[in-house]
S.K.: 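Next up is a structure, given as structure tokens.
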Amino acid sequence: MQAREFTERELDRIIEMAWEDRTPFEAIHFQFGLPEKEVIKLMRANLKESSFKRWRKRVNSGVSQKHLKKRNPDITRFKCSRQKAISGNKISKR
């Protein structure tokens with residue numbers, strides 16, 4: 001698979017989505033076509049080492065809901081109820 005180049009804005013949005021606990025990796029994959037392993041590589045390349053380690057620890061803990069398997073089954077959305085709809089667009093409207 002060939003690595004894709006992202007604009008600065010896309011990269012910022014991917015990092016922001018990855019950093020948020022309630023945004024699952026599946027939402028990032030849906031919007032940007034990046035599987036979890038690629039998101040991890042992107043985060044490693046763009047965060048300080050200490051920030052990356054803290055993020056990975058949080059993602060793998062019980063606090064984060066980055067993995068749909070860890071989410072409460074009552075949560076059936078990728079986003080906060082007050083957030084605008086997620087579409088197939090590359091960047092959601094802010």
Side-chain angles (χ1 to χ4, degrees):
M1 186 172 175
Q2 191 174 7
R4 180 173 164 223
E5 291 294 320
F6 292 102
T7 65
E8 186 176 339
R9 186 169 181 206
E10 289 173 324
L11 191 59
D12 285 347
R13 182 63 183 141
I14 293 167
I15 292 170
E16 180 182 15
M17 290 175 76
W19 196 260
E20 296 169 344
D21 286 330
R22 73 173 154 223
T23 305
F25 287 114
E26 289 80 2
I28 298 169
H29 189 264
F30 174 77
Q31 281 192 312
F32 296 97
L34 279 179
E36 180 180 350
K37 287 184 179 186
E38 293 300 315
V39 172
I40 293 168
K41 286 180 186 177
L42 187 140
M43 294 293 278
R44 185 186 308 270
N46 288 282
L47 296 177
K48 294 187 303 185
E49 184 179 354
S50 60
S51 297
F52 174 77
K53 286 180 180 180
R54 186 177 43 194
W55 174 75
R56 285 300 291 155
K57 185 177 181 180
R58 195 176 78 238
V59 165
N60 290 322
S61 72
V63 174
S64 176
Q65 297 182 6
K66 294 301 288 179
H67 300 92
L68 287 179
K69 293 177 278 185
K70 292 183 180 182
R71 288 175 80 107
N72 181 331
D74 295 336
I75 301 173
T76 57
R77 61 193 192 294
F78 284 158
K79 60 181 181 62
C80 173
S81 60
R82 294 172 306 280
Q83 182 178 344
K84 291 188 179 189
I86 293 177
S87 67
N89 294 339
K90 296 294 181 197
I91 303 291
S92 294
K93 310 286 187 282
R94 293 186 187 188

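Numbers here are sequence positions counted from 1.
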S.K.: If you round to the nearest 0.5 Å, how far is CZ of F52 from CG of N46?
M.R.: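 It is 11.0 Å, given to the nearest 0.5 Å.
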S.K.: Within 45° of the ring axis of W55 and under 6.0 Å from its six-membered ring centre, is that where the NZ or CZ of R44 lies?
M.R.: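 Cation-pi check for R44 and W55: fails.
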S.K.: With distance as the sole test, does R56 use its side chain to make a donor-acceptor pair with the main-chain N or O of S51 at under 3.5 Å?
M.R.: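 Flag not set: sc R56 to bb S51 has no pair under 3.5 Å.
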S.K.: Would you name the heavy atoms of V39 and A18 that are closest together and state the gap between them?
M.R.: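 Answer, listing the atom of V39 first, then A18: CG1-CB, 3.9 Å.
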S.K.: Is R13 salt-bridged to E10, cutoff N-O under 4.0 Å?
M.R.: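 Answer for the salt bridge query: no.
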S.K.: Any non-hydrogen side-chain atom of D12 less than 4.5 Å from a side-chain atom of T7?
M.R.: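 No, their side chains stay 4.5 Å or more apart.
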S.K.: Sequence neighbours excluded, which residues qualify as salt bridge (Lys or Arg N to Asp or Glu O under 4.0 Å) partners of E8?
M.R.: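 Salt bridge (Lys or Arg N to Asp or Glu O under 4.0 Å) list for E8, sorted by chain: empty.
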S.K.: Between atom CG of L42 and atom CG of L47, what is the distance when rounded to the nearest 0.5 Å?
M.R.: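 Taking CG in L42 and CG in L47, the distance rounds to 8.5 Å.
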S.K.: Restricting to side chain to side chain contact (heavy atoms under 4.5 Å, CB included), what partner residues turn up for K37, sequence neighbours left out?
M.R.: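 By the side chain to side chain contact (heavy atoms under 4.5 Å, CB included) rule, K37 matches no residue at all.
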S.K.: Can you see which heavy atom on T23 is nearest to which on M17, and at what distance?
M.R.: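 Where T23 meets M17 most closely, the heavy atoms are CB-O, 3.4 Å.
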S.K.: For the atom pair CG (D21) and CZ (R58), what is the distance rounded to the nearest 0.5 Å?
M.R.: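 Separation between the atoms: 4.0 Å.
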S.K.: Side chain to side chain contact (heavy atoms under 4.5 Å, CB included) between F25 and V59: does it pass, once the steps are laid out?
M.R.: CA-CA 10 Å; F25 287 114; V59 165; 3.9 Å; yes
S.K.: Quick one: pull up CD1 in I14 and CD1 in I28 and give me the separation to the nearest 0.5 Å.
M.R.: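 Taking CD1 in I14 and CD1 in I28, the distance rounds to 7.5 Å.
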S.K.: Looking only at atom types and distance, does a side-chain atom of E38 sit under 3.5 Å from a main-chain N or O of P35, one as donor and one as acceptor?
M.R.: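 No, because the side chain of E38 does not come within donor-acceptor range (under 3.5 Å) of the backbone of P35.
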